[in-house]
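Just the heavy atoms: all of them, side chains too, but no hydrogens, waters or symmetry mates, feed the values below.
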Amino acid sequence: MTEIIPPEAVFTTPRIAISPLNRRRWRNFKANRRGYWSLWIFLVLFFITLFAEFIANDKPLLVRYDGGFYMPVFVSYPETAFGGEFQTEADYRDPYVKELIGKKGGYIVWPLIPFSYSTINLNLDTPAPSPPSPVNWLGTDDQGRDVLARMIYGFRISVLFGLVLTFFSSIIGVAAGAVQGYFGGWTDLLFQRFIEIWTSVPTLYLIIIISAVIAPNFWILLGILLLFNWVSLVGVVRAEFLRGRNFEYVTAARALGLGNLAIMYRHLLPNAMVATLTFLPFILNSSISTLTSLDFLGFGLPPGSPSLGELLAQGKANLQAPWLGLTGFFTLAIMLSLLVFIGEAVRDAFDPRKVMS
């Protein structure tokens, strides 16, 4: 007998099944209004900075010239493409290039902020660092670069650095803590002594020594900090595995012949991830603060990179230009405060004592 399927069943959109436990956690997270709105504000700010090249750039978004359209934000065009004399990339801020484009009835569409993080404004009314103006909304630094553009790019690179460092350090830390807690005995004892020795190594001195040998960049800094940052989650995960390795369902799984890796992944890791996820926003906060501190001391990203720490260092060196220090301070204060509030909401979400109706 052929089964007849009702039409509404064919066109019904499938729904993702969410367990009652996860629904309760989401309700607990939303109940913390400060953390809930901080999450949305942080995501919006981070999403905007991901498209920094379309917001703050010294290259136009669109150029109309001689009936054709050009997009310098994606492609580098030589000056000869607009009737110039040089084969080098066109400088669209040059009055000569603007005149060439205007002669053919063309026009230039600039981003909201016509400066990149490294663009030097050569037409300042006052010596750099210059105060906020209609051209440079947050003023310029001591090299004539737009502070707002550097703040946008610096926010993005700080968050991306923190996210990458948090991601990889969490993977290593969770794996190390799982091995310690599950096997225990000599494995746990030797690993604990190794961590005690490893954490006693002065990270800052090591970075200073390496900086004297090679020029640090994004990935070198990430690798150095990853060598020491992974231990932040080991203790939490180790405690969860030590607590859960002798539970009845783990003993039963071991008796049924399930391997150690399968037991650790299927039965013990989900419980350990509750504590891990609670700590992640605070680890991200710490990673961003570490990069900012290194940049402030001059041992971070290469000179000229958009950095909030370098902006704070300029504010310290130029007390007569308070917009430098205030911009760096409020950017960091807002960013780190949002992450702390998000971390508090995540903590409430995974707190078993909080039961929402």
Side-chain angles (χ1 to χ4, degrees), residues 41-63 71-76 89-95 97-98 108-163 217-218 288 291-292 294-296 298 300-318 320-336 338:
I41 294 173
F42 180 80
L43 290 178
V44 169
L45 293 176
F46 182 50
F47 180 79
I48 291 174
T49 57
L50 287 178
F51 301 93
E53 286 78 8
F54 299 94
I55 301 173
N57 205 331
D58 55 1
K59 296 181 180 180
L61 300 176
L62 181 68
V63 174
M71 303 187 71
V73 71
F74 294 112
V75 182
S76 298
E89 185 178 1
D91 182 6
Y92 303 94
R93 303 174 60 84
D94 189 348
V97 176
K98 293 181 180 179
I108 300 176
V109 179
W110 288 96
L112 181 64
I113 304 169
F115 301 98
S116 184
Y117 66 89
S118 59
T119 306
I120 298 177
N121 188 356
L122 301 176
N123 300 315
L124 295 174
D125 296 329
T126 58
S130 61
S133 65
V135 178
N136 303 105
W137 297 349
L138 292 179
T140 64
D141 62 5
D142 56 5
Q143 299 183 33
R145 299 170 298 189
D146 187 75
V147 173
L148 180 57
R150 293 186 65 80
M151 182 195 73
I152 294 174
Y153 283 90
F155 184 98
R156 181 177 68 177
I157 197 171
S158 297
V159 176
L160 288 177
F161 183 89
L163 288 174
N217 56 30
F218 183 93
I288 295 174
L291 178 63
T292 304
L294 291 175
D295 289 334
F296 179 81
L301 297 174
S305 301
S307 166
L308 298 178
E310 191 260 351
L311 190 61
L312 289 175
Q314 287 205 30
K316 175 179 176 291
N318 298 276
Q320 79 282 2
W323 55 88
L324 296 175
L326 291 176
T327 300
F329 169 77
F330 282 109
T331 303
L332 279 171
I334 293 173
M335 180 200 308
L336 300 182
L338 291 175

In a table with atom names and distances, give each donor-acceptor pair under 3.5 Å that connects a side chain of residues 109-116 to protein atoms at least two apart or in another chain.
none

When the side chains of residues 125-135 are checked against the rest of the protein, which donor-acceptor pairs come out under 3.5 Å, sequence neighbours left out?
| unit_1 | atom_1 | unit_2 | atom_2 | d |
| --- | --- | --- | --- | --- |
| Ser130 | OG | Thr140 | OG1 | 2.7 |
| Ser133 | OG | Val135 | N | 3.4 |
| Ser133 | OG | Asn136 | N | 3.2 |

Got a sec, which residues hit ring-ring contact (aromatic ring centres under 6.0 Å, His included) with [X], two or more places apart in sequence or on another chain?
X      : value
Phe218 : Phe161
Phe46  : none
Phe296 : none

Just to verify, what does [X] make a side chain to side chain donor-acceptor pair (under 3.5 Å) with, not counting sequence neighbours?
X      : result
Asn57  : none
Thr331 : none
Asp295 : Ser307
Asp142 : Gln314

Inset, instruction - Sequence neighbours left out, what passes salt bridge (Lys or Arg N to Asp or Glu O under 4.0 Å) with Arg156? Give chain and number order. - result: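 With neighbours one apart ignored, the set is Glu53.
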
Heavy atoms only: give me the nearest [X]-[Y] pair and the separation to one decimal.
X      : Y      : answer
Thr292 : Leu308 : CG2-C, 4.4 Å
Gln143 : Ile120 : O-CG2, 3.4 Å
Ile288 : Ser158 : CG1-O, 3.5 Å
Tyr92  : Val97  : CA-CG1, 4.3 Å

Legend entry - Asp146 side chain to Ala149 backbone, donor-acceptor under 3.5 Å: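 Side chain of Asp146 to backbone of Ala149: a pair is present.
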
Inset, instruction - Give a yes or no answer on whether the side chain of Arg93 reaches the backbone of Lys59 with a donor-acceptor pair at less than 3.5 Å. - result: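 Not a single qualifying donor-acceptor pair exists.
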
Straight-line distance of [X] [atom1] to [Y] [atom2], nearest 0.5 Å:
X      : Y      : atom1 : atom2 : result
Leu61  : Met71  : CG    : CE    : 7.5 Å
Ile41  : Ile334 : CD1   : CD1   : 9.5 Å
Phe42  : Leu336 : CZ    : CG    : 9.5 Å
Ile152 : Ile48  : CD1   : CD1   : 9.0 Å

Legend entry - Beyond-backbone contact of Leu338 with Leu45, side-chain heavy atoms, under 4.5 angstrom: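 A side-chain contact exists here, since the closest heavy-atom pair is under 4.5 Å.
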
Legend entry - Residues that Phe330 engages under side-chain contact (heavy atoms from CB on, under 4.5 Å), provided they are two or more places apart: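 Partners of Phe330 by the side-chain contact (heavy atoms from CB on, under 4.5 Å) criterion, ordered by chain and then number, come out as Leu326.
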
Legend entry - Pair listing, ring pair (Phe, Tyr, Trp, His ring centres under 6.0 Å) test, anchored in residues 128-156, at least two apart: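 Matches after skipping sequence neighbours: Tyr117-Tyr153.
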
Inset, instruction - Decide yes or no on side-chain contact (heavy atoms from CB on, under 4.5 Å) for Leu311 and Arg150, but give the supporting numbers first. - result: CA-CA 8 Å; Leu311 190 61; Arg150 293 186 65 80; 5.5 Å; no

